[in-house]
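Below is one structure; the comments refer to it alone.
Note that this is a predicted model, so its numbers are computed, not measured. Only heavy atoms go into these numbers, but all of them, side chains included; no hydrogens, no water, no symmetry mates.
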Amino acid sequence: MKNNIEKALFVKLTWKIISWYLFHGRKLPWRETKDPYKIWISEIILQQTRVTQGMQHYLNFIERFPTVEDLHNASNDEVMLYWKGLGYYSRALNLHAASHQIVEEYQGEFPTSFLDLQQLKGVGKYTAAAIASICFQEKVPAIDGNFYRFFSRIFADGFDISSPKAYSYFYELILPYVPEIEPGDFNQAIMDLGATICKPKNPECEICPVKEDCLASQIGKVDAYPVKTKKVKAQDLDLTYYLIKNKEYFLARKRGDDFIWKNLYELAPSIPDDWQDNIVSYKNIKHKLTHKNLNIDLYVVEIEDEDFHQFAKDASYIIMTWEESHQFSFPKPLEMVLELYSEVEN
């Protein structure tokens, strides 16, 4: 009897969630397909990007790389260029690496299970669950911040979501509510409820389809959930760059795979000591990354043509025009500097 009652409760809540989604779910281009490639691209873009910001990037990316084979055949620099403006460029590097896995190890066919999808570079449990449930009908919850928040509030559950055990705990909690048929709709419904109604701040409980089932709402403590005790403190990081230029060009180089801004292009981090007198201006730039507060000292250095070209040759820098800089992927704060000087020079 107890199991039957519990099952009925699961079905009731799930039915409300799915019904709401069918009428109120967001109309998005990647929801018009079951193609795992397109679902994968959309999920990676949306990992650290809002839908409104990521929409056009998704459309541009899919237009240029319509299949995993097209992505596999592209150069690393071109993939990075089409990721320009989204930030967190490691996502683009992982996408490109995973495309090589799919083409070379899986003969161009996507893995079809939650576990196998996690073998792809950059694909974690959430992304694997989203693809597996939407494209391959696997009954698995796609647990992200929306899931933690939504179900913490539904059950007024004080389990600490910053705990290493949070995923396993909520996986077991949520799994019974994931339907056997169209589990992807359920996962996307929670994504939409979390983004539009059950928001971190100022949730719109009055229009929530499961308000009557939400314990946190009933006891008036929605803002108390989810519980998260451990916060990562952002580190301060000082950087110095030199914009080395002459009348028409400036110097740049490609970064390596280590540290921040992997494989992006940057300006010179140092200059010869006897060039200090050639510094013509200075700008301090503050920029925040997820776990770092950047303090960038940027100096503009004007050099005569002979020294300019010799330094570029000796130190392996690329000589660029301001217009050409748009064809390379620079970190956002350096991109802003180049845009400013491009307007001045032109």
Side-chain angles (χ1 to χ4, degrees), residues 45 47-50 53-54 56-57 60-61 75-96 234-273 275-276 278-303 307-309 311-346:
I45 285 177
Q47 279 179 1
Q48 302 285 348
T49 307
R50 294 179 179 177
Q53 179 189 358
Q56 192 58 51
H57 284 89
N60 293 342
F61 199 92
S75 69
N76 201 56
D77 278 351
E78 186 177 17
V79 175
M80 297 290 274
L81 183 61
Y82 272 81
W83 202 262
K84 193 172 183 178
L86 284 170
Y88 300 94
Y89 283 85
S90 60
R91 293 182 292 169
L93 294 174
N94 289 338
L95 271 178
H96 200 208
Q235 296 179 330
D236 294 331
L237 180 63
D238 295 327
L239 297 173
T240 299
Y241 279 113
Y242 296 87
L243 175 56
I244 302 173
K245 60 185 284 290
N246 63 9
K247 293 180 180 179
E248 300 179 42
Y249 306 99
F250 72 96
L251 302 184
R253 69 178 186 181
K254 191 173 185 178
R255 294 179 59 84
D257 289 331
D258 59 334
F259 203 41
I260 60 173
W261 296 332
K262 296 179 181 180
N263 289 160
L264 297 187
Y265 286 79
E266 66 177 353
L267 304 176
S270 62
I271 57 173
D273 291 340
W275 282 13
Q276 294 295 323
N278 295 89
I279 295 174
V280 296
S281 65
Y282 162 79
K283 182 177 181 63
N284 181 259
I285 303 169
K286 306 291 185 184
H287 188 74
K288 290 184 178 293
L289 300 178
T290 304
H291 300 307
K292 288 182 173 62
N293 299 318
L294 304 186
N295 178 57
I296 304 173
D297 289 325
L298 183 115
Y299 299 88
V300 179
V301 186
E302 292 187 354
I303 302 297
D307 289 338
F308 179 88
H309 287 277
F311 181 78
K313 180 180 179 181
D314 293 343
S316 299
Y317 279 91
I318 301 171
I319 299 175
M320 293 186 187
T321 65
W322 304 106
E323 187 64 30
E324 287 172 340
S325 68
H326 298 299
Q327 302 304 313
F328 295 87
S329 297
F330 286 85
K332 190 63 176 180
L334 298 185
E335 186 180 87
M336 292 170 62
V337 169
L338 294 177
E339 287 178 357
L340 175 63
Y341 276 91
S342 176
E343 293 175 3
V344 172
E345 295 295 329
N346 293 326

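Taken from CD1 in I303 to NE2 in H309, the straight-line distance is 12.0 Å, to the nearest 0.5 Å. The CG atom of N295 sits 3.5 Å away from atom NZ of K286, with the distance rounded to the nearest 0.5 Å. In this structure, K332 NZ and L289 CG are separated by 13.0 Å, a value rounded to the nearest 0.5 Å. A distance of 5.0 Å separates CG in L93 from CG in N263, rounded to the nearest 0.5 Å. The distance from atom CG of L264 to atom CE of M80, rounded to the nearest 0.5 Å, is 4.0 Å. Once rounded to the nearest 0.5 Å, the distance linking CH2 of W83 with OH of Y89 reads 10.0 Å.
Taking the side chain to side chain donor-acceptor pair (under 3.5 Å) definition, one finds that E78 meets it with R64, sequence neighbours left out. K283 meets the salt bridge (Lys or Arg N to Asp or Glu O under 4.0 Å) test with no other residue; sequence neighbours excluded.
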Please walk me through it: do L86 and F61 pass side chain to side chain contact (heavy atoms under 4.5 Å, CB included)? CA-CA 11 Å; L86 284 170; F61 199 92; over 6 Å; no
Go through it in stages, so that I can follow the logic: the residues are D77 and K254, the test is side chain to side chain contact (heavy atoms under 4.5 Å, CB included), and I'd like the CA-CA distance, side-chain angles, deciding distance and then a yes or no. CA-CA 10 Å; D77 278 351; K254 191 173 185 178; 2.8 Å; yes
CA sep, side-chain torsions, deciding dist, call: Q276, I271, side chain to side chain contact (heavy atoms under 4.5 Å, CB included): CA-CA 8 Å; Q276 294 295 323; I271 57 173; 3.8 Å; yes
For F308 and I319, what are the C-alpha separation, side-chain angles and deciding distance, and is it a side chain to side chain contact (heavy atoms under 4.5 Å, CB included)? CA-CA 9 Å; F308 179 88; I319 299 175; 3.9 Å; yes
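Across V79 and A92, no two heavy atoms sit closer than the pair CG1-O, 3.9 Å. The heavy-atom pair separating M320 from E324 by the smallest distance is CA-OE1, 3.4 Å. For the pair A312 and L251, the tightest heavy-atom approach, listed with the atom from each and the gap, is CB-CD2, 3.7 Å. Among all heavy-atom pairs drawn from L267 and L334, the shortest one is N-CD1, 3.9 Å.
Not one N or O on the side chain of H287 forms a donor-acceptor pair closer than 3.5 Å with the backbone of K292. At least one donor-acceptor pair under 3.5 Å links the side chain of S329 to the backbone N or O of L81.
In this structure, I260 and L237 have side chains that are in contact, with non-hydrogen atoms separated by less than 4.5 Å. Between P269 and R255 the shortest side-chain heavy-atom distance does not fall below 4.5 Å. Side chains of V337 and Y241 form no contact here, defined as non-hydrogen atoms less than 4.5 Å apart. A heavy-atom distance below 4.5 Å is found between the side chains of W261 and L239.
Under the 3.5 Å distance criterion, with hydrogens and angles disregarded, no donor-acceptor pair is assigned to the side chains of Y82 and N60. There is no side-chain donor-acceptor pair under 3.5 Å between Y88 and T49.
Around atom OH of Y249, no more than 12 heavy atoms belonging to other residues, nucleotides or ligands sit under 6.0 Å away.
A side-chain contact (heavy atoms from CB on, under 4.5 Å) with F330 is found for one member of E335, K84, E266, E339 and no other, namely E335.
Checked against a 6.0 Å centroid threshold, the rings of F250 and W322 count as neighbours. In this structure, Y242 has its ring center at least 6.0 angstrom away from the ring center of W275.
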